[in-house]
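Start at 1 with the first residue, then count along the sequence.
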Amino acid sequence: ELSRSWDLLRICLQMKKQQIVSVEYSIRAKRQPGEKGTDFKKRTEGDQTAVALNKFFAKPDGFHRWNDWLGMWVEDLLVLDAVALFLARDTKKRVAAVYPLDGANINRMLTDRGITPPPPNVAYQQISYGLVAYDFSTNDLVYGMMNEATDRRDGSSPVEQLLLKISFGLRRDDFLLQAYT
């Protein structure tokens, strides 16, 4: 909620998201040792896997364009440090779509050794209104953190790391508003 409360932080987050999503990308075949540039370009243009992947990532969830989809992903990374991507599969068990989920609603399960359980075990649970809505294995959900640590279950987002500065900024803005009211 703090990421939406302080306008200066929101502007910084939006600028960083814009910087990241504006980077051009292209999926292409790996260049072979000693391969000439023109040969590589010709081979890449005809590579059906690269063509299919570029088409898939143009709209990874079937709804949002790449930049919008990536913007949601980056928002969760910067604000929550919890990125959750649900891998929807077709009848042949191939990934058909990748849906971003609210990482704040994902409970990471841990073994008695403190690691995420391997498939087919439940590795993550989506919590809705205090109840488990869905169970996911690591085959179903990709969950990532920027600042993972061994002493805590969740990561530590940049917004969380700035908590004191954000609180100070909000209070300063409130003080100024009261002074001019």
Side-chain angles (χ1 to χ4, degrees), residues 3-4 9-109 115-128 133-148 154-160:
S3 70
R4 291 175 181 84
L9 176 61
R10 176 59 20 208
I11 291 167
C12 292
L13 289 171
Q14 288 301 116
M15 287 182 66
K16 183 51 69 178
K17 280 174 45 177
Q18 191 58 41
Q19 286 175 340
I20 293 170
V21 303
S22 65
V23 173
E24 293 290 326
Y25 80 95
S26 177
I27 298 170
R28 57 182 183 249
K30 186 175 179 181
R31 192 173 194 159
Q32 302 297 326
E35 186 175 28
K36 292 182 181 177
T38 55
D39 294 338
F40 171 65
K41 185 176 179 180
K42 186 177 179 181
R43 186 172 59 86
T44 299
E45 289 172 354
D47 187 318
Q48 294 304 312
T49 303
V51 170
L53 286 171
N54 277 302
K55 183 179 178 187
F56 175 82
F57 281 104
K59 285 188 173 182
D61 60 3
F63 302 109
H64 299 95
R65 292 175 303 135
W66 168 255
N67 289 357
D68 299 330
W69 182 89
L70 183 60
M72 291 186 282
W73 190 92
V74 171
E75 176 83 15
D76 284 352
L77 186 66
L78 295 175
V79 174
L80 305 172
D81 198 18
V83 176
L85 301 172
F86 172 63
L87 306 175
R89 299 185 184 272
D90 62 14
T91 56
K92 295 180 182 177
K93 302 291 183 193
R94 298 176 300 194
V95 175
V98 180
Y99 297 102
L101 300 179
D102 182 1
N105 294 336
I106 301 297
N107 180 35
R108 188 172 145 214
M109 307 300 286
I115 58 173
T116 305
N121 299 314
V122 173
Y124 308 102
Q125 293 179 324
Q126 186 177 28
I127 308 299
S128 183
Y134 295 101
D135 290 326
F136 300 104
S137 75
T138 53
N139 288 336
D140 304 320
L141 189 81
V142 176
Y143 182 85
M145 296 171 276
M146 187 170 25
N147 297 307
E148 190 170 1
D154 301 314
S156 177
S157 75
V159 170
E160 186 179 354

J.: Should Leu101 and Gln126 count as side-chain neighbours, where that means a heavy-atom distance under 4.5 Å?
T.: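 Heavy-atom side-chain distance check passes, below 4.5 Å.
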J.: Got a second to check how far His64's NE2 is from Lys59's NZ, nearest 0.5 Å?
T.: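 These two atoms lie 10.0 Å from each other.
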J.: Can you name the nearest heavy-atom pair linking Pro119 to Thr138, along with the distance?
T.: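 That would be CD-OG1, 3.1 Å.
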J.: Going from CG on Leu70 to NZ on Lys17, what distance comes out if it is rounded to the nearest 0.5 angstrom?
T.: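 Separation between the atoms: 9.5 Å.
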J.: Could you walk me through whether Met145 and Arg108 pass the side chain to side chain contact (heavy atoms under 4.5 Å, CB included) test, one step at a time?
T.: CA-CA 11 Å; Met145 296 171 276; Arg108 188 172 145 214; 3.1 Å; yes
J.: For Arg10 and Val79, which heavy atoms make the closest approach, and how far apart are they?
T.: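 The answer is NH2-CG2, 4.4 Å.
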J.: Is the backbone of Gln32 close enough, under 3.5 Å, to the side chain of Glu35 for a donor and an acceptor to pair up by distance?
T.: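 Yes; at least one donor-acceptor contact below 3.5 Å.
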J.: What are the two closest non-hydrogen atoms of Tyr25 and Ala58, and how far apart are they?
T.: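 Heavy-atom minimum between the residues: OH-N, 3.8 Å.
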J.: Without swapping roles, check the side chain of Asn121 against the backbone of Pro118 for a donor-acceptor pair under 3.5 Å.
T.: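 Indeed, once roles are kept as given, a pair shorter than 3.5 Å links the two residues.
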J.: Taking all heavy atoms of Ala133 and all of Ser128, pick out the closest pair and write down the distance.
T.: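 Minimum heavy-atom contact is CB-CB, 4.0 Å.
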J.: Indicate the atoms forming the closest heavy-atom contact of Pro60 with Trp66, along with that distance.
T.: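 That would be CG-CE3, 3.9 Å.
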J.: Does Arg28 use its side chain to pair, donor to acceptor, with the backbone of Val51 at less than 3.5 Å?
T.: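 Looks like no, no N/O pair under 3.5 Å.
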J.: Knowing that exactly one of Tyr124, Phe136, Trp73 qualifies, which makes a ring pair (Phe, Tyr, Trp, His ring centres under 6.0 Å) with Tyr143?
T.: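 Only one of Tyr124, Phe136, Trp73 forms a ring pair (Phe, Tyr, Trp, His ring centres under 6.0 Å) with Tyr143, namely Tyr124.
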J.: Please determine whether salt bridge (charged side-chain N to carboxylate O under 4.0 Å, His left out) holds for the pair Asp68 and Arg65, giving the CA-CA distance in whole Å, both sets of side-chain angles, and the decisive distance to 0.1 Å.
T.: CA-CA 5 Å; Asp68 299 330; Arg65 292 175 303 135; 3.2 Å; yes
J.: Mind listing the side-chain donor-acceptor pairs of residues 80-99 below 3.5 Å, one per line with the distance, residues two or more places apart or on another chain?
T.:
residue: Asp81; atom: OD1; partner: Met146; partner atom: N; Å: 2.4
residue: Asp81; atom: OD2; partner: Asn147; partner atom: N; Å: 3.0
residue: Asp81; atom: OD2; partner: Ser156; partner atom: N; Å: 2.9
residue: Arg89; atom: NH1; partner: Lys93; partner atom: O; Å: 3.1
residue: Arg89; atom: NH2; partner: Asn139; partner atom: O; Å: 2.7
residue: Asp90; atom: OD1; partner: Lys92; partner atom: N; Å: 3.0
residue: Asp90; atom: OD1; partner: Lys93; partner atom: N; Å: 3.1
residue: Asp90; atom: OD1; partner: Arg94; partner atom: N; Å: 2.9
residue: Asp90; atom: OD2; partner: Arg94; partner atom: NE; Å: 3.0
residue: Asp90; atom: OD2; partner: Arg94; partner atom: NH2; Å: 3.0

J.: I want to check something: taking the side chain as every heavy atom from C-beta on, are Val159 and Leu13 in contact at a cut-off of under 4.5 Å?
T.: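 Side chain of Val159 against side chain of Leu13, heavy atoms only: contact under 4.5 Å found.
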J.: Asn54 and Ile27: which non-hydrogen atoms are nearest, and at how many Å?
T.: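 Distance-wise, the nearest heavy atoms are ND2-O, 2.7 Å.
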J.: Can you name the salt bridge (Lys or Arg N to Asp or Glu O under 4.0 Å) partners of Arg31, sequence neighbours left out?
T.: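 Arg31: no salt bridge (Lys or Arg N to Asp or Glu O under 4.0 Å) contacts found.
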J.: Would one find more than 12 heavy atoms of other residues, nucleotides or ligands at under 6.0 Å from atom CZ of Phe40?
T.: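 Yes, the 6.0 Å shell around CZ holds more than 12 heavy atoms from other groups.
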J.: Does Glu75 pair with Lys16 as a salt bridge, N-O distance under 4.0 Å?
T.: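 No, no charged N to carboxylate O under 4.0 Å.
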